[in-house]
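Have a look at this one before I ask anything.
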2 protein chains.
Amino acid sequence: MARKSLVGVVADELLDRIIAGDFPPGSSVPGELELSARHEVSRMTVREAMKTLEAQRILSVERGRGTFVNPLNRWASLEAVLRAASEGQNEAAASVQLIELRRMLETGACELAAARISDADIQTLFGHVAAMRAAHEVNDIAAFVEADLAFHDLILRASENVFVAVLFAPLHRVLEKRRAETSAVPTIQEHAIGHHQNIAEALESRDPSRSREAMDLHMQQTLDDLKTLVLEAP
Amino acid sequence: MARKSLVGVVADELLDRIIAGDFPPGSSVPGELELSARHEVSRMTVREAMKTLEAQRILSVERGRGTFVNPLNRWASLEAVLRAASEGQNEAAASVQLIELRRMLETGACELAAARISDADIQTLFGHVAAMRAAHEVNDIAAFVEADLAFHDLILRASENVFVAVLFAPLHRVLEKRRAETSAVPTIQEHAIGHHQNIAEALESRDPSRSREAMDLHMQQTLDDLKTLVLEAP
DNA sequence: TAACTGTAAGATGTCTGACATCTAACATTT
DNA sequence: AAATGTTAGATGTCAGACATCTTACAGTTA
């Protein structure tokens, strides 16, 4: 594990304090000098930390006046918004909203892919499904998850829409660990295999709306799985 | 207009050179010292510029080794990806892909909103449609666009999904000016009014799939309008 | 020969202190 | 009362220095 630089630590701590409500949106954060004293680093280090938060539109720096916290809906970092939205008892709600978002992007990408995916890629999709079946047989969770991710990634790429991939990347990072958990349940694995098979067949038929529907059912199942897991968790 | 700081200028110029292909993905950018000489600024200014690009996942800085350009699909900034994707003759394709993305988010949000929007908000929606009609009568383009944007923003908020709003914000900024152009055509205004009316009525019926369909038709029309405009443009 | 080790070059990480410039509030002058 | 000057405090930029990490290479040793 890479040790974090001081800049990263300061940026994290500052973001934590913002999320904790120490500096509500619209208010100003302490001056660079005060922060450098607070965190026991030089002013330049504080400035670099600020720059990273400014690039994510979390802070607005105004020369001569100070540095201000932007309202949450202007933040450009999905991870930061997730941290803020997961505060308190909102973690479950945030998880559901993330799946909702994923559903929009994946069903949309699947609909586009139906008209654009190559024959070779379709065969690869069936290959991934076969790999999922094989992994399920021998109870190899890691291999199962890998084939699962490859399946979805391929559809994303087959949509030939760069921006979808860009917006999906942070979502992918956030949902990664949760997917490993859900995929550990054998019953859920079987459901997933069936859904993936349906999606691949729908894409093979080149029918956009059927493809979208197939992916939508899969997403609905994922959402249901998450809800039962969240509800059952102590 | 605010004059840009040196940091912003250096970051922009560096991003320009990256997009121009001077430093392809995977390769390293010149060292901080070399860049500070090239742009005639201090090393600290270069470092702060790098930090902004690193926060957008455009660059990866590795201590002791150098600074490297990430592949485009890891970039977290929609604006930067748009600039890169619009290079050469790809601008039209990029515009189409942006609309495709907008379609996914707006239809998804509309579907969610159908089950969550309040009665008061629905009345406000009809109010916005009325405002669009009034603006159309007197040919007030600015007022028309304002009501149009307010209509869509309200649906986004009514979806009660924070992350959708976060992802949509940069899209909004990018598409803002284009919408002003398309909204200037009277025929397109009439089309838009009809579609908005349908969307509001669909939401009023609380039918998610009907609401999604109504928004989808609107997005389809927007895409068609864009295509004819792009094709007709000299 | 092969493996280990020390050295040095080059890169980023951080610090210190200084000066420049912008903003806002206050004091002064007209 | 309005215009102007002053000042405090904030961010913007600079210069130079030292620390630390990575890599390559030469030299040493088994």
Side-chain angles (χ1 to χ4, degrees), chain A residues 1-15 17-18 22-70 74-76, chain B residues 1-18 22-71 74-76:
Chain A
M1 200 62 185
R3 298 181 310 290
K4 270 198 176 170
S5 64
L6 281 184
V7 172
V9 172
V10 173
D12 270 353
E13 290 182 5
L14 192 50
L15 181 54
R17 293 176 69 187
I18 292 172
D22 287 6
F23 318 116
S27 72
S28 68
V29 302
E32 297 171 349
L33 238 141
E34 186 176 339
L35 285 176
S36 71
R38 170 83 149 77
H39 297 275
E40 295 182 323
V41 296
S42 75
R43 192 183 150 219
M44 296 311 304
T45 302
V46 170
R47 281 184 59 80
E48 293 189 6
M50 298 269 218
K51 272 282 175 295
T52 72
L53 296 181
E54 188 189 13
Q56 297 171 186
R57 298 176 187 273
I58 294 170
L59 294 178
S60 283
V61 182
E62 297 180 27
R63 178 173 187 175
R65 292 191 1 105
T67 304
F68 303 87
V69 180
N70 288 329
R74 285 196 199 149
W75 294 13
Chain B
M1 196 64 184
R3 296 183 309 289
K4 270 198 176 171
S5 65
L6 280 184
V7 173
V9 172
V10 172
D12 269 354
E13 290 181 5
L14 192 50
L15 180 54
D16 279 339
R17 292 176 69 187
I18 291 173
D22 288 6
F23 318 116
S27 72
S28 68
V29 301
E32 296 171 349
L33 239 145
E34 185 176 339
L35 284 176
S36 70
R38 169 85 149 75
H39 296 275
E40 296 182 323
V41 295
S42 76
R43 193 184 149 216
M44 294 312 304
T45 303
V46 170
R47 280 183 61 79
E48 293 189 6
M50 297 269 220
K51 272 281 175 297
T52 72
L53 296 182
E54 188 189 13
Q56 298 172 170
R57 298 176 188 274
I58 293 169
L59 295 178
S60 283
V61 182
E62 298 180 28
R63 177 174 187 173
R65 294 193 358 106
T67 304
F68 304 86
V69 180
N70 288 330
R74 285 198 201 149
W75 293 14

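Each chain gets a letter, A, B and so on, in the order its sequence line appears, and its residues count up from 1. Side-chain atoms are counted along with the backbone in the values below, which use heavy atoms only and exclude waters and symmetry mates.
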Measure CD/E54(B) against C1'/dT12(C) and give the value in whole Å, please.
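From E54(B) CD to dT12(C) C1': 11 Å.
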Take atom CE of M50(B) and atom C1' of dA11(C), then tell me their distance rounded to the nearest Å.
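Rounded to the whole Å, the gap is 10 Å.
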Figure out the CD/C1' separation between E32(B) and dA15(D), and round it to whole Å.
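Those two atoms, CD and C1', are 15 Å apart.
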Hey, what do you get for CG (L35(A)) to CZ (R47(A)), rounding to the nearest 0.5 Å?
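So the gap between those two atoms works out to 12.5 Å.
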Send over the distance from E48(A) CD to dT13(D) P, rounded to a whole Å.
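That distance rounds to 13 Å.
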Between CD on residue E48(A) and OG on residue S42(A), distance to nearest 0.5 Å:
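Going from the CD atom of E48(A) to the OG atom of S42(A) covers 8.0 Å.
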Listed pairs under 3.5 Å, donor-acceptor, residues 51-60 of chain B side chains, sequence neighbours left out:
{"unit_1": "T52(B)", "atom_1": "OG1", "unit_2": "A49(B)", "atom_2": "O", "d": "2.7"}
{"unit_1": "S60(B)", "atom_1": "OG", "unit_2": "N70(B)", "atom_2": "OD1", "d": "2.8"}
{"unit_1": "S60(B)", "atom_1": "OG", "unit_2": "N70(B)", "atom_2": "ND2", "d": "3.2"}

Taking it one step at a time, do R17(B) and R38(B) satisfy side chain to side chain contact (heavy atoms under 4.5 Å, CB included)?
CA-CA 13 Å; R17(B) 292 176 69 187; R38(B) 169 85 149 75; 3.3 Å; yes
Could you check which residues of residues 57-66 of chain A get a heavy atom under 4.0 Å from DNA chain C? Sort them by number, please.
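Contacts with DNA chain C under 4.0 Å: R63(A), G64(A), R65(A).
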Roughly, in whole Å, what's the span from CZ in F68(B) to P in dA11(C)?
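The answer, rounded to whole Å, is 11 Å.
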Grab the CG-P distance between L35(B) and dG10(C) for me, whole Å please.
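Rounding to the nearest Å, CG of L35(B) and P of dG10(C) are 17 Å apart.
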Side-chain N or O of T67(A) less than 4.0 angstrom from OP1 or OP2 on dT11(D)?
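Yes, because at least one side-chain N or O of T67(A) sits under 4.0 Å from OP1 or OP2 of dT11(D).
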Can you measure from CG (L6(A)) to CD (E13(A)) and round to the nearest 0.5 angstrom?
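Here the interatomic distance stands at 9.5 Å.
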Of all heavy-atom pairs between P24(B) and S27(B), which one has the smallest distance, and what is that distance?
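Here P24(B) and S27(B) meet closest at O-OG, 2.6 Å.
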How close or far is atom C1' of dT13(D) from atom CZ of R47(A), stated in whole angstroms?
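Taking CZ of R47(A) and C1' of dT13(D), I get 8 Å after rounding.
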Using the side chain to side chain contact (heavy atoms under 4.5 Å, CB included) rule, take M50(A) and L14(A) through it: C-alpha gap first, then chi angles, then the decisive distance, then the call.
CA-CA 9 Å; M50(A) 298 269 218; L14(A) 192 50; 4.1 Å; yes
Filtered N/O pairs between nucleotides 15-19 of chain C and protein, under 3.5 Å:
{"unit_1": "dC15(C)", "atom_1": "OP2", "unit_2": "S42(A)", "atom_2": "N", "d": "3.0"}
{"unit_1": "dC15(C)", "atom_1": "OP2", "unit_2": "S42(A)", "atom_2": "OG", "d": "3.1"}
{"unit_1": "dC15(C)", "atom_1": "OP2", "unit_2": "T45(A)", "atom_2": "OG1", "d": "2.5"}
{"unit_1": "dA18(C)", "atom_1": "N6", "unit_2": "R43(A)", "atom_2": "NH1", "d": "3.3"}

Between T45(A) and H39(A), does the side chain to side chain contact (heavy atoms under 4.5 Å, CB included) criterion hold? Intermediate values first, please.
CA-CA 10 Å; T45(A) 302; H39(A) 297 275; over 6 Å; no
Of all heavy-atom pairs between F23(B) and S28(B), which one has the smallest distance, and what is that distance?
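Shortest heavy-atom contact: CD2-O, 4.2 Å.
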